[in-house]
Amino acid sequence: MSDLPRKAITRTAKLAALPLGFAGRATWGLGKRIGGKSAEIVARELQQRTADQLFRVLGELKGGAMKFGQALSVFESALPEEIAGPYRAALTKLQDAAPPMPTSTVHAVLTERLGDEWQELFLNFEDKPSAAASIGQVHRAVWHDGREVAVKVQYPGAGEALLSDLTQLSRFAKLLGPLIPGMDIKPLITELRDRVSEELDYDLEARSQREHAAEFADDPDVRVPDVVFQSDQVLVTEWMDGIPLAEVISDGTEEQRDRAGQLLARFLFSGPARTGLLHADPHPGNFRLLPEEDGEGWRLGVLDFGTVDRLPGGLPDPIGDCLRMTLEGQAEAVYGLLCEEGFVKDEIELDPDAVLDYLLPIIEPAEVEEFTFTRSWMRTQAARLADIRSPAYQLGKQLNLPPSYLLIHRVTLSTIGVLCQLNATVRLRDELEAWVPGFLAEYEYEDAEEPEADVDAVVEAGS
């Protein structure tokens with residue numbers, strides 16, 4: 001289908017076909033094994049068919065279904081390799097590709113939102129979209145002043161489709177859960193649903209993008225294209241070339257992958273400190289690797305500010321405090337802070353040392369000067385948290401995620417997922433020290449200043 005199906009019954013039927021298809025293929029696989037095919041070959045065929053159906057259905061529906069697929073795609077590195085391969089290709093396609101709207105529909109939206117003479121705003125407008133995503137598609141064009149621009153046009157009925165899809169998906173979230181071991185799918189769907197109104201509001205997105213563009217205008221590492229024009233359901237921004245991060249993941253050099261990983265971590269942690277906003281949609285389709293003008297080095301280009309978390313004071317201080325105290329082995333202090341922030345409910349009592357053992361493997365990348373994020377490391381963490389026999393699994397079930405931390409948590413996990421896809425070696429600790437309040441204790445700054453004060457005192461006494 002080339003247009004966004006809006007009838008709820010049609011969308012519901014397509015979404016319902018996903019778990020039914022999964023079950024049907026499992027039966028098909030059993031028959032193949034009885035017929036003599038090896039379990040390994042059958043499993044590979046089964047996963048490929050499942051991945052093909054997943055992309056076809058989510059891609060056709062766009063809306064909330066595709067939004068869910070994009071959010072899910074950054075976690076494929078947690079899957080066992082024999083399962084991840086077929087899913088990887090299918091889910092990665094969701095990051096910046098989907099069946100486009102017909103040209104007549106695009107023109108109708110532009111006429112409705114920009115007026116009958118909308119074509120006069122452009123020196124050139126490409127009817128074929130350059131990218132199609134969950135709630136809109138992007139067309140390359142030349143603005144009337146000669147600037148190359150990206151024109152994002154929202155799908156008609158996108159809001160209704162988003163809400164309907166995510167409601168339907170939540171009803172069989174448990175069946176989708178096995179796609180990503182150790183991850184509870186339902187809260188992810190709920191959180192996506194809560195963000196629908198913001199994602200549809202192009203005025204809000206334009207403001208968030210303008211704030212980032214202004215802050216990073218002269219930044220040597222990060223580029224954000226500025227907003228040129230905004231109207232209801234239409235957003236025009238500066239065009240940005242570059243290598244899509246999905247291509248860096250699949251074909252990039254070690255230098256490109258490491259540089260992209262470092263800059264992605266830098267943007268994640270510096271954004272809230274510099275703008276009071278957290279870019280909350282960190283899937284690879286929203287990033288580009290841009291060559292420097294002199295050909296030496298790379299910058300990170302950032303797109304799509306439809307979903308942001310508003311953090312006026314930057315990242316909450318308890319995040320840095322908790323990370324630092326965990327690395328220092330302060331079990332009682334860490335446990336007390338988690339209780340205070342609501343990660344441990346009043347009626348729950350846990351062993352502080354067990355909580356420390358739960359956290360330390362997760363924050364291993366912050367303990368060393370540089371860390372190589374790999375799919376195998378991600379799979380190890382996912383297996384530890386998903387194995388019902390594991391102490392980590394039992395403890396994790398008793399922890400709580402306060403609403404104010406939910407989006408921060410998802411963005412952090414998603415970013416780690418992308419770093420693992422990149423197989424990037426990153427100096428994460430440098431970024432934490434530079435941008436996360438509380439990661440460096442106050443006494444460290446005071447101690448650093450004391451020698452200078454002592455020297456001044458000695459000089460003064462001697463004179």
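Just so it is clear, the values below take in all heavy atoms, side chains as well, and ignore hydrogens, waters and symmetry mates. All values derive from a computational prediction rather than experimental measurement.
Ion pair D430/R266 not flagged as a salt bridge, since none of the NZ, NE, NH1 or NH2 atoms sits closer than 4.0 Å to an Asp/Glu carboxylate oxygen. Using a 4.0 Å cut-off between charged side-chain N and carboxylate O, D219 and R223 make no salt bridge. Of the charged side-chain nitrogens involved, none lies within less than 4.0 Å of a carboxylate oxygen, so that R427 and E431 do not count as a salt-bridged pair. Salt bridge present: K152 and E205 bring a charged side-chain N and a carboxylate O closer than 4.0 Å. Between E148 and R140 there is a salt bridge, since a side-chain N of the basic residue sits under 4.0 Å from a carboxylate O of the acidic one. For the pair D221 and R259, the salt-bridge criterion is met [side-chain N within less than 4.0 Å of a carboxylate O].
Contact between L268 and P272 at its shortest, heavy atoms only, is O-CD, 3.2 Å. The heavy-atom pair separating A280 from V308 by the smallest distance is CB-CA, 4.1 Å. Scanning both residues, F269 and V436, for their nearest heavy atoms gives CD2-CG2, 3.6 Å. Residues L432 and A366 share a closest heavy-atom pair of CD1-CB, 3.4 Å. Across Y335 and L350, no two heavy atoms sit closer than the pair OH-N, 2.9 Å. The minimum heavy-atom distance between I249 and P284, with the atom names listed, is CD1-CG, 3.8 Å.
The main-chain N or O of L422 is found under 3.5 Å from a side-chain atom of R257 such that the two form a donor-acceptor pair. Judged by distance alone, with hydrogens and angles left aside, the side-chain atoms of H279 form no donor-acceptor pair with the main-chain N or O of V411 at under 3.5 Å. The closest donor-acceptor contact from the side chain of N286 to the backbone of D281 lies under 3.5 Å. With hydrogens and angles disregarded, no donor-acceptor distance shorter than 3.5 Å links the side chain of Q233 to the backbone of Q154. The closest donor-acceptor contact from the side chain of Q209 to the backbone of P225 lies under 3.5 Å.
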Stepwise, does the side-chain contact (heavy atoms from CB on, under 4.5 Å) test hold for W435 with L315?
CA-CA 9 Å; W435 303 109; L315 290 168; over 6 Å; no

Could you walk me through whether H283 and V418 pass side-chain contact (heavy atoms from CB on, under 4.5 Å), step by step?
CA-CA 7 Å; H283 70 75; V418 176; 5.8 Å; no

Could you walk me through whether I362 and L413 pass the side-chain contact (heavy atoms from CB on, under 4.5 Å) test, one step at a time?
CA-CA 10 Å; I362 302 172; L413 279 183; over 6 Å; no

Start with the C-alpha distance between D321 and F439, add both sets of side-chain angles, then the distance that settles side-chain contact (heavy atoms from CB on, under 4.5 Å), and finish with yes or no.
CA-CA 6 Å; D321 291 331; F439 186 75; over 6 Å; no

Can T275 and E215 be said to form a side-chain hydrogen bond (donor to acceptor under 3.5 Å, both in side chains), step by step?
CA-CA 7 Å; T275 66; E215 174 60 36; over 6 Å; no

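The CZ atom of R288 sits 15.0 Å away from atom CZ of R299, with the distance rounded to the nearest 0.5 Å. For the atom pair CG (L356) and CD (E328), the distance works out to 11.0 Å, reported to the nearest 0.5 Å. Here the CZ-CG distance, from F343 to L337, works out to 8.5 Å after rounding to the nearest 0.5 Å. Note: L264 CG to F373 CZ = 10.0 Å, rounded to the nearest 0.5 Å. The structure places CG of N400 at 9.5 Å from CD1 of I348, a figure rounded to the nearest 0.5 Å. Rounded to the nearest 0.5 angstrom, R210 CZ and T237 OG1 are separated by 10.5 Å.
Two residues are said to be in side-chain contact when any heavy atoms from C-beta on lie closer than 4.5 Å; T372 and N423 meet this criterion. At a threshold of 4.5 Å between non-hydrogen side-chain atoms, the residues D258 and T253 do not count as touching. Between P129 and V138 the shortest side-chain heavy-atom distance does not fall below 4.5 Å. Using a 4.5 Å cut-off on side-chain heavy atoms (C-beta onward), M101 and V153 make contact. R429 places none of its side-chain heavy atoms less than 4.5 Å from the side chain of V368. Residues L263 and V426 have side chains not in contact (no heavy-atom distance under 4.5 Å, counting atoms from C-beta outward). Residues L419 and W377 fail the side-chain proximity criterion, which asks for heavy atoms closer than 4.5 Å. Proximity of L385 to S390: side-chain heavy atoms (C-beta onward) are nowhere separated by under 4.5 Å.
Side-chain atoms of E341 and Y405 form a donor-acceptor pair, as typed in the model, at a separation below 3.5 Å. A side-chain donor-acceptor contact under 3.5 Å links T374 and S376. There is no side-chain donor-acceptor pair under 3.5 Å between T425 and E370.
Counting non-hydrogen atoms of other residues, nucleotides and ligands closer than 6.0 Å to CD of E292 gives a total above 12. For D346, the CG atom sits in a loose shell: 12 or fewer heavy atoms of surrounding residues, nucleotides or ligands are nearer than 6.0 Å.
Note on ring orientation: taking the six-membered ring where Trp is involved, the planes of F287 and F267 are perpendicular (angle over 60°, cut-offs 30° and 60°). The aromatic rings of H212 and F216 lie parallel to each other, their planes meeting at an angle below 30°, with 60° marking the opposite boundary.
By the 6.0 Å and 45° rule, R207 does not stack over the aromatic ring of Y202.
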